[in-house]
Amino acid sequence: MKEYPQDTTANALVLYEKGEAEIRKDQLGRPALFFKKTTRIKILNKNGLTYANVEIPLVKSASDNSREILKEVRAIAINPDRSGGMLDQKDIYYQDVSETVTLVRFTVPNVQTGSVIDYTYEVKSPFLYNFQSWEFQGEIPKLHSEFHTNIPANYKYHIKLNGTLKLDHQNDKIIHNCFYFRGLGTADCVVSEYIMDNIPAFREEEYMTAKPNYLSALRYELTTFENFTGKKEHYTKSWETVEKELRTDDIGRESQKGRYFRNALPEHLMNTPTNLETAQKLFYHLQKQLFWNEKDQLFGEIDVKDAFESREGSSTELNLILLNALHAAGLKAFPVLVSTRDNGVPSQQIPAISDFNALIVKLDLEERSYLLDLSEKEFTFGMIRFEMLNQYGRLLDFKDGGSWIPLLQPEAYSRQIFQASLDPGAGKARVRKISSGYYASEKRKEIRNTSEGTYLADIEKMLEARGDFSLTHYENQGLPSSDERLTESFEIDMNTDVKEDRLFVNPFILESYKKSPFTQQSRTYPVDFGHPFNIEYTIFIETGDEFMLEDKAADLHLELPDSSGELIYNIRELDENVMVVLQMKIYKPIIPPTQYAALKEFFNEFVRLQNKNPITLVKLSKFISENAGKK
């Protein structure tokens with residue numbers, strides 16, 4: 001095999017993969033989890049040689065001496081010329097990479113392009129609550145992957161198949177009296193096998209959240225253990241129990257400091273005509289005074305008084321300060337647990353506080369609700385960090401009980417509007433770029449974190465790359481975060497040669513996408529933009545009485561399936577102007593993989609329209625002479 005026909009870009013191919021995980025007694029008669037894995041890989045080219053390097057993570061407890069143990073490793077390479085190599089045990093290396101993880105590393109010897117490598121290892125683990133997961137999908141394609149488990153009935157696990165791929169085969173059977181302890185009792189075992197064939201590679205691309213959200217894999221979470229006397233220990237708790245514990249934990253205690261902040265904050269912030277104005281004044285006052293230390297730190301030591309007095313803290317501490325300030329003003333606000341996009345989507349089926357890693361605030365007013373976050377200086381009232389736009393969060397109401405709430409709010413709708421007036425005859429252009437929502441916050445951050453000279457130099461480089469343009473004047477309005485919109489104004493020399501009979505004008509002087517972010521042939525996981533957005537161009541090109549539009553491009557109107565978005569492009573002649581309109585609108589922030597091909601073409605067309613469609617203007621005198629005698 002020289003390449004894999006179903007994926008000619010693959011550097012290597014898993015021919016066969018098998019995992020076996022079972023709970024059984026060890027040599028000392030104690031229950032343990034044993035996991036054995038066998039992998040066979042074909043190396044297709046020199047870039048695939050890296051798959052001869054194998055890493056095995058071993059978990060250890062930070063509180064006692066319990067740890068996972070590697071019991072055996074075997075590895076061999078077979079080459080096209082029938083040579084090969086076998087792993088020597090002295091070439092296995094151990095490295096402590098953290099307090100709780102040791103990495104075992106080895107390299108299959110004498111591997112070359114065309115080799116087939118085969119390795120097997122077994123691990124013994126005392127951590128029965130952490131049953132071995134199995135990833136069917138990886139960064140290279142697989143022909144066959146199977147996973148076998150043997151679980152005594154004493155252990156109840158919640159089993160979930162992640163990802164969009166389906167199993168080709170699943171079989172479960174019961175073996176009676178397979179788990180036996182003398183003098184205590186016996187238990188039946190559930191023996192299962194899961195098989196998946198022809199599995200595509202998982203390749204990361206833009207606009208995705210945490211990789212584990214989408215990898216096709218089996219995940220296990222221990223819910224209950226029952227010993228032979230009938231006593232049960234529940235590992236999965238109800239949200240009612242979890243929230244009861246949180247009420248007396250750091251989050252609960254630190255959210256009850258309203259009296260302190262009533263005395264610590266200026267009185268005039270509390271005395272405003274409306275509750276909304278009070279909330280906004282408190283938000284912008286604290287946003288100006290406090291600084292985020294770049295940590296979220298949902299767990300561990302939290303101290304809102306210390307953070308307030310030092311004017312610095314984690315996002316959790318800053319948002320708990322905001323929560324207490326709103327309570328001090330008599331407003332109805334709640335803490336909301338969230339998981340950032342790189343941390344994974346929290347499970348709604350199983351209450352697990354470990355699913356979350358950050359906290360925001362929900363404010364309820366008479367008219368509507370707002371989600372608030374103090375971690376960024378560039379946010380307007382009602383925005384949370386883009387990294388927190390991760391489907392839903394858990395609202396904590398210690399009095400009436402919590403609930404799940406969506407994290408996508410109206411303020412997340414973002415617009416980028418380009419308004420331009422081009423005068424090719426005079427060689428001048430004026431452009432306004434108006435940003436709102438997340439576009440505005442990102443641009444504010446860029447402007448604040450860059451010197452004026454560097455920022456203008458970057459604009460000039462971009463203009464030179466777009467065409468024969470040079471910046472003559474720049475200014476912005478709305479830089480304070482309390483402004484909803486940020487407006488940037490540009491005056492530009494177009495450096496056109498009006499002596500020519502034809503002018504080729506690129507109307508899109510400022511671009512929004514240099515290239516399409518979607519390049520894969522297919523995608524097995526959704527595109528997650530985080531929020532809906534619009535990008536709109538309205539451009540007027542002055543033709544005067546000397547030039548006219550030579551060729552009018554065809555209008556374009558593309559729609560994504562399920563009304564997820566639309567793309568509009570048209571050109572019109574209006575008096576002594578040519579008007580160019582280009583609009584891309586994404587209405588639904590999550591696009592399923594079934595619509596990926598349509599979305600890819602959608603973005604390709606949007607980029608093409610910005611980069612490869614100059615407007616051709618011809619002098620009237622030239623047009624008349626060329627068309628004389630034509631009907």
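Expressed to the nearest 0.5 Å, how far OG of Ser516 lies from CD of Glu601 amounts to 9.5 Å.
Each ring-ring contact (aromatic ring centres under 6.0 Å, His included) pair with one or both residues in residues 294-342, not counting sequence neighbours, appears once here: Phe261-Phe308.
Checked by atom type and distance alone, the side chain of Arg523 pairs as donor or acceptor with a backbone atom of Pro526 at under 3.5 Å. A donor-acceptor distance shorter than 3.5 angstrom exists from the side chain of Asn319 to the backbone of Leu374, with no hydrogens or angles considered. Although no hydrogens or angles enter the test, the distance criterion places no donor-acceptor pair under 3.5 Å between the side chain of Ser369 and the main chain of Leu365. The backbone N or O of Pro561 sits less than 3.5 Å from a side-chain atom of Ser564, completing a donor-acceptor pair. Arg448 places a side-chain N or O within 3.5 Å of a backbone atom of Leu479 that can act as its donor or acceptor partner. A donor-acceptor pair under 3.5 Å is formed between the side chain of Asn324 and the backbone N or O of Gly258. Here the side chain of Tyr392 pairs a donor or acceptor atom with the backbone of Pro346 at under 3.5 angstrom. Judged by distance alone, with hydrogens and angles left aside, the side-chain atoms of Ser339 form a donor-acceptor pair with the main-chain N or O of Gly344 at under 3.5 Å.
Taking the six-membered ring where tryptophan is involved, the planes of Tyr207 and Phe518 are tilted, since the angle between them lies from 30° to 60°. Ring-plane geometry between Tyr537 and Phe418 is classed as parallel, the angle between the planes falling under 30 degrees on a 0 to 90 degree scale with a further cut at 60. Ring geometry, Tyr157 versus Tyr155: the interplanar angle falls under 30°, so the pair is classed parallel (tilted spans 30 to 60°).
For the pair Lys377 and Phe291, the cation-pi criterion (under 6.0 Å, within 45° of the ring axis) is fulfilled.
Taking the side-chain hydrogen bond (donor to acceptor under 3.5 Å, both in side chains) definition, one finds that Ser435 meets it with nothing, sequence neighbours left out. By the ring pair (Phe, Tyr, Trp, His ring centres under 6.0 Å) test, Phe602 is found to be paired with no residue, residues two or more places apart in sequence or in another chain being considered. Legend: residues meeting ring pair (Phe, Tyr, Trp, His ring centres under 6.0 Å) with Tyr513, ordered by chain and number and at least two apart, are Phe603. With sequence neighbours excluded, no residue satisfies side-chain hydrogen bond (donor to acceptor under 3.5 Å, both in side chains) with Thr316. Applying the ring pair (Phe, Tyr, Trp, His ring centres under 6.0 Å) test to Phe398 and every residue at least two apart in sequence or in another chain returns nothing.
A distance below 6.0 Å separates the ring centres of His531 and Tyr438. Residues Tyr370 and Phe381 place their aromatic rings such that the two centres sit under 6.0 Å apart.
Taking the side chain as every heavy atom from C-beta outward, Asn534 and Gln583 never approach each other to under 4.5 Å.
With hydrogens and angles left out, the side-chain atoms of Glu205 and Tyr596 include a donor and acceptor closer than 3.5 Å.
The two residues Ala325 and Leu265 make their nearest non-hydrogen contact at CB-CD1, 3.5 Å.
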